[in-house]
Amino acid sequence: MPGYNSSEYGSTTFQQKVWLALRTIPAGTTKTYGQLAMQLGKPTAYRAVGAANTLNPVAIVLPCHRVIGADTSLTGYAGGLQRKHWLLQHETRKI
C-alpha cells in the first residue's frame with residue numbers, strides 16, 4: 001500500500017495481504033471470508049481473514065464491511081452490525 005507503514009501497526013504479511021485484497025471488492029458487492037481466503041490462495045484461512053479484518057487500521061479505506069459470512073449473513077464488524085448494514089445499503093443506492 002503506498003504510504004502505508006506496516007510496522008506502525010505491527011501487522012503481519014498475511015494481514016497486509018488481506019487488507020490489500022479488501023480493496024479489490026467493488027463497492028456495492030460482497031465476498032465471504034472463505035472467498036477472500038481462496039483469493040489469497042489460502043482456502044482454509046477464512047478465520048485468519050476474519051481476524052485480520054478485526055485489526056483493519058483504516059476501515060473505510062479498506063472496506064472490511066464488504067466481507068460477510070458463508071451463509072451471506074452480516075457478521076463481525078468493529079463499528080457494529082447496524083453500521084455494516086447501513087454502509088452496504090448506502091453503497092447500493094442509485095443516485
Side-chain angles (χ1 to χ4, degrees):
M1 246 179 287
Y4 173 76
N5 180 357
S6 63
S7 63
E8 179 180 345
Y9 298 103
S11 60
T12 67
T13 301
F14 181 78
Q15 289 168 335
Q16 291 173 45
K17 288 179 182 179
V18 170
W19 298 339
L20 287 172
L22 292 173
R23 295 172 55 181
T24 69
I25 307 170
T29 65
T30 58
K31 278 193 176 184
T32 67
Y33 293 96
Q35 289 170 327
L36 209 52
M38 289 283 286
Q39 179 180 329
L40 295 170
K42 305 277 187 186
T44 61
Y46 52 91
R47 286 190 177 126
V49 167
N53 275 359
T54 302
L55 299 173
N56 178 354
V58 282
I60 296 298
V61 176
L62 303 176
C64 56
H65 65 277
R66 296 180 187 152
V67 184
I68 59 174
D71 63 357
T72 70
S73 64
L74 299 186
T75 60
Y77 184 66
L81 293 181
Q82 284 184 315
R83 184 166 291 140
K84 183 173 187 166
H85 182 263
W86 184 89
L87 286 165
L88 291 170
Q89 290 290 344
H90 178 72
E91 289 181 351
T92 59
R93 285 199 185 130
K94 304 281 187 230
I95 296 177

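Quick note: numbers below take in every heavy atom, side chains included, and nothing from hydrogens, waters or symmetry partners.
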Could you tell me the separation between the OG1 atom of Thr24 and the CG atom of Leu22, rounded to the nearest 0.5 Å?
7.5 Å
Gap between atom CG of Leu40 and atom CG of Leu20 - 0.5 Å precision
9.5 Å
When you measure from the side chain of Asn53 to the backbone of Val67, do you find a donor-acceptor pair of N or O atoms at a distance under 3.5 Å?
no
To the closest 0.5 Å, what do you measure between CD1 (Ile68) and CG (Leu74)?
7.0 Å
Would Gln39 and Lys31 count as a side-chain contact (heavy atoms from CB on, under 4.5 Å) if you check the C-alpha gap in whole Å, the side-chain angles of each, and the deciding distance to 0.1 Å?
CA-CA 10 Å; Gln39 179 180 329; Lys31 278 193 176 184; 2.3 Å; yes
Can Leu36 and Tyr33 be said to form a side-chain contact (heavy atoms from CB on, under 4.5 Å), step by step?
CA-CA 5 Å; Leu36 209 52; Tyr33 293 96; 5.8 Å; no
Taking all non-hydrogen atoms of both residues into account, name the closest pair between Gln89 and Thr92 and its distance.
O-OG1, 2.9 Å
Minimal heavy-atom distance between Thr29 and Pro26, with the atoms involved, is OG1-O, 2.6 Å
Is there a path of hydrophobic side-chain contacts, each under 4.5 Å between heavy atoms of I/L/V/M/F/W/Y residues, joining Phe14 to Leu62?
yes
In Å, rounded to the nearest 0.5 Å, how long is the span from CZ of Arg66 to CG of Leu88?
8.0 Å
Check whether Trp19 reaches the backbone of Leu55 with its side chain - one donor and one acceptor, N or O, closer than 3.5 Å.
no
Looking at every heavy atom in both Ala37 and Ala45, which two are closest together, and how far apart are they?
CB-C, 3.9 Å
Shortest non-hydrogen contact between Ala59 and His65, atoms and distance
O-ND1, 4.5 Å
Kindly check if the number of other-residue, nucleotide or ligand heavy atoms within 6.0 Å of OH (Tyr77) is above 12?
yes
